[in-house]
Amino acid sequence: MTPGPSPESFAARPLDFESLRAVLERHAPSSLGQRALRELCPRAYEDARAALERTRETIELARAGRTPNFGGLCDPLPGLAHARQAGRPLEDENLVKLVGFFESSERLAEWLCSLEGLPALSALGKRIPEFDVLLERLRATLDEQGRVRESASPALARLRKQEAEVGAELERTLRAILGRPDVRNVLSDPNPVRRGGRAVLAIKAKSAMRIHGIVHDRSQTGETVFVEPREVVALGNRHSEIVSDERREVERILAELTREFLRHEHEIARACAALAELELAQIGALWALETRGRVPLLPREKGAAEGMLLRSARHPLLLEQQRLGRLQEVVPIDLRLGGDFDVLIITGPNTGGKTLALKTAGLFALCTRMGLPFPCDQGSTCPLYDGIVADIGDEQEISQSLSTFSSHLKRIREGLERATNATLVLLDELGSGTDPDEGAALSEALLEILLARKSPTLVSTHIGKLKEFAFRHPRAENACVEFDAQSLSPCYHLTVGMPGESGALVIARRLGLPAAIVDRAKERLVRRDEELTQLMADMRDARTQAERARGAAESRLEDAERMREEAVATRLALEQKGELLEAEAQQSIEERVRNATRVLERARALVDQLPAAQRSAMQQTLAELEAELSGSALSSRRAEFLDSLKKGSFVYVPRYKQRLAVQKVDRAARELTVQLGSMRMRLAFDEVSAWEGR
């Protein structure tokens, strides 16, 4: 995968992506997927497109109930890295994990390559190397518990045999000692025990002098001593030597095995990278099903908008709060940017959802660049921006003794240095923290620069003068967030085409501020220009009507597209039904031809028993019958099927009534090898079919 932009260049921290990463981790199938998710960053352009397509295909499979089997999959790279850096053999646990990794890698590669009509996932399967040789080496060396088999080397087999023989002799000798009356009377435990790898007897401390031997340990209470009788010391020494030799031989075998794996570390890393992409696609698919999400369209794709278009988008972290029962409802957001206008100025009261709109749009763009889906409706579109500039929140640079206003300016200045026509700019509470007139002037100058650069920009503000900015610049537009003045609660609904009101006086009255104060404030509220105010109101009404007309047109287009999709689905269903009927007919014909061929072979076996005069005529008749069978339309279809067979293909085996994966094709012998459970078996071409029995 080509290295992509840094998370910092996409404002991952202010957009709370780390919190979303924690949400996604619930769906990671294995440690490999968890690491891939932890390391996930904005992708390079083509990598992002490919990842989005893989996620889209995986969502289709998940909705159809077809999910990959990640059983046994793990992340082998940390263990290999540790073995390489420490210069030590892989431990039993890591070797068992490698067995599971190789087995699951082979299974998932075959599954991916068998997918039809899903090119992005199929291509992923071709990126996974084969590990047949390494897997066979592992299986030949280790048993199911990860213990080195004695057949791993002649020396190990000899040592294990010697260990068993000496151990048995040691056990017999100890049992004989235990059977002596003088020993039995001083025992704390009637059975031999082990201390420091030596076989010993548990003797009552007060009687320890009655047993001649070596004291290896005492109990915590001091009432028992552990004595190795003098009669077994030599045997114990011999047994310890054999155990040490065995341990060294096992370490030698494991070191050799580890070196072999490290020689193939690059191929293992390639498989990990491909399987990690599959896991990321699966994580995205499961999350999309949970949140009714989807992969956004990219501009210039069929049905896509020209710029960013959010349809019924729900902020993922609010959905998580709803899932946990901490939030009753998440109101969807509709937002567009980059088609008719490059700058959208969002106004309205505090807590009305302005910041939420900016964060939702920013996280939408970040997820798209990472190849992830997003909780939104069909038709939602997101360009692959080259970065995100975000000045969101009132965070102060305390360490630099910067005020809130200075902190905003610092982030804006740094953002301007890299803003292009493909950079999404998010400016929250623009112009706040200073004199309103100066803040407005500075904000207008900034927005003019962004308009000149054609940088797609979302702005939230309380400065009323910026509402006029959108009326004076054709590539700028107003939007407002709605607020319920009766309940004093935000509606979180964004309307493009009209500026919002702060509603300060209405809120003050509703909150019980003395009426005289509110009335006096209303008298002092100066409208600079009544004609300008009326003009803005007229334009707002016109824009509102245009937005309504636009929404109605989009609804009609959606209805038409839905009808088209239903027609396509009906046609596909009919085609599938026709293919099913054809498959059933072909399967029946194929079975009949196989039966006829078997009858033909039995007839040939009887020809030699006929008189010579009749034998020739019968042979000619059988040859004509065979020619008729081989010349049928069925045979040409079957020839195409047999020619297409390769490793990873699936065939139907009537004998077992199962579809099995092909492991090897031998065209010269007209045989193939298939996998049935844990067994591999060879079958003749005549024993397999393209058509599954019904």
Side-chain angles (χ1 to χ4, degrees), residues 1-4 7 17-18 20-41 43 47 50-51 54-55 58 67-112 121 124-139 141-142 144-146 254-255 257-287 370-372:
M1 185 173 68
T2 306
F17 182 74
E18 288 307 313
L20 177 56
R21 200 192 301 267
V23 171
L24 294 172
E25 195 170 356
R26 289 190 294 104
H27 299 293
S30 79
S31 58
L32 180 61
Q34 291 170 358
R35 177 172 64 83
L37 190 60
R38 286 195 303 269
E39 297 175 355
L40 182 62
C41 292
R43 298 172 180 264
D47 285 338
R54 286 193 295 268
T55 304
T58 308
T67 56
N69 177 9
F70 290 102
L73 187 62
C74 61
D75 187 2
L77 294 184
L80 287 172
H82 177 74
R84 184 182 65 255
Q85 294 164 5
R88 296 173 58 86
L90 287 166
E91 299 176 353
D92 295 355
E93 180 184 356
N94 288 323
L95 289 169
V96 172
K97 285 183 177 180
L98 270 173
V99 173
F101 174 79
F102 289 145
E103 290 177 343
S104 57
S105 173
E106 181 180 32
R107 182 182 65 250
L108 289 168
E110 291 177 357
W111 181 78
L112 287 166
L121 289 175
L124 200 60
K126 297 180 177 66
R127 288 168 47 184
I128 302 175
E130 294 184 6
F131 297 109
D132 295 359
V133 175
L134 291 179
L135 183 55
E136 289 302 321
R137 176 84 183 275
L138 264 175
R139 286 171 173 164
T141 305
L142 304 177
E144 290 74 12
Q145 286 73 42
L254 293 180
L257 198 61
T258 300
R259 286 193 293 272
E260 179 72 11
F261 291 138
L262 290 176
R263 283 194 292 271
H264 291 84
E265 190 174 9
H266 178 67
E267 289 90 336
I268 295 173
R270 279 173 48 208
C272 284
L275 292 169
E277 292 293 359
L278 176 60
E279 286 214 46
L280 288 173
Q282 178 71 1
I283 291 169
L286 295 176
W287 184 55
M370 288 185 169
L372 296 171

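Quantities reported herein were computed from a predicted structural model and do not represent experimental measurements. Sequential numbering from 1 along the given sequence is applied to the chain's residues. Because only heavy atoms are used, hydrogens play no part in the values below, and waters and symmetry mates are left out as well, while side chains stay in.
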Strictly below 4.0 Å, N to O, side chains only: are Glu277 and Arg127 in salt-bridge contact? no
Partner set under side chain to side chain donor-acceptor pair (under 3.5 Å) for Arg21, not counting sequence neighbours: Glu18
Ignoring hydrogens and angles, tell me if any N or O in the side chain of Thr55 forms a donor-acceptor pair with the backbone of Gly371 under 3.5 Å. yes
Correct closest heavy-atom pair for Leu278 and Leu124 would be N-CD2, 3.6 Å
Quick one, Glu25 and Gln34 - any side-chain contact, counting heavy atoms below 4.5 Å? yes
Test your reading of the model: is there a side-chain donor-acceptor pair from Arg107 to the backbone of Asn69, 3.5 Å cut-off? yes
Are any non-hydrogen side-chain atoms of Asp132 and Glu106 less than 4.5 angstrom apart? yes
Any donor and acceptor pair, going by atom type alone, linking the side chain of Arg43 with main-chain N or O of Met370 inside 3.5 Å? yes
Note, Leu257 side chain near Leu138 side chain (heavy atom, < 4.5 Å): yes
Taking all heavy atoms of Gln282 and all of Pro29, pick out the closest pair and write down the distance. CG-CG, 4.3 Å
To the closest 0.5 Å, what do you measure between CZ (Arg84) and CG (Leu77)? 9.0 Å
Would you call Leu24 and Leu286 a side-chain contact if the rule is heavy atoms closer than 4.5 Å? no
Approximate separation, where rounding is to 0.5 Å, of Arg38 CZ and Leu40 CG: 12.0 Å
Exercise: identify the closest heavy-atom pair between Ala36 and Ala276: CB-CB, 3.7 Å
Flag the pair Arg35 and Glu39 as a salt bridge only when some basic side-chain nitrogen lies within less than 4.0 angstrom of an acidic carboxylate oxygen. yes
So, for Ile268 and Pro76, which heavy atoms are closest and what is the spacing to 0.1 Å? CG2-CG, 3.8 Å
Heavy-atom closest pair (Gly79 atom, Leu90 atom, distance to 0.1 Å) is O-CD2, 3.5 Å
Minimum side-chain heavy-atom gap Trp287-Leu20 below 4.5 Å: yes
In this structure, CG of Leu80 is separated from CZ of Phe261 (nearest 0.5 Å) by 8.0 Å
Is the closest side-chain heavy-atom distance between Ser105 and Leu275 below 4.5 Å? yes
So, taking the atom named CZ in Phe101 and the one named CG in Leu134, what distance separates them when rounded to the nearest 0.5 Å? 10.5 Å
Indicate the atoms forming the closest heavy-atom contact of Glu279 with Leu32, along with that distance. OE2-CB, 3.6 Å
Between atom OG of Ser104 and atom CH2 of Trp111, what is the distance when rounded to the nearest 0.5 Å? 13.5 Å
Qualifying residues under ring-ring contact (aromatic ring centres under 6.0 Å, His included), relative to Phe131, sequence neighbours excluded: Phe102
Inspect the contact between Arg139 and Glu136 and indicate whether a charged nitrogen and a carboxylate oxygen are less than 4.0 angstrom apart. yes
So CZ of Arg137 and CG of Leu142: to nearest 0.5 Å the spacing works out to 10.0 Å
Looking at Asp75, is its backbone amide N or carbonyl O close enough to the side chain of Ser31 to form a donor-acceptor pair, meaning the two atoms are under 3.5 Å apart? yes
Report the C-alpha distance between Glu265 and Leu262 in whole Å, list the side-chain angles of each, state the deciding distance to 0.1 Å, and finish with yes or no for side chain to side chain contact (heavy atoms under 4.5 Å, CB included). CA-CA 5 Å; Glu265 190 174 9; Leu262 290 176; 3.8 Å; yes
Indicate yes or no: at least one non-hydrogen side-chain atom of Thr141 is less than 4.5 angstrom from one of Leu95. no
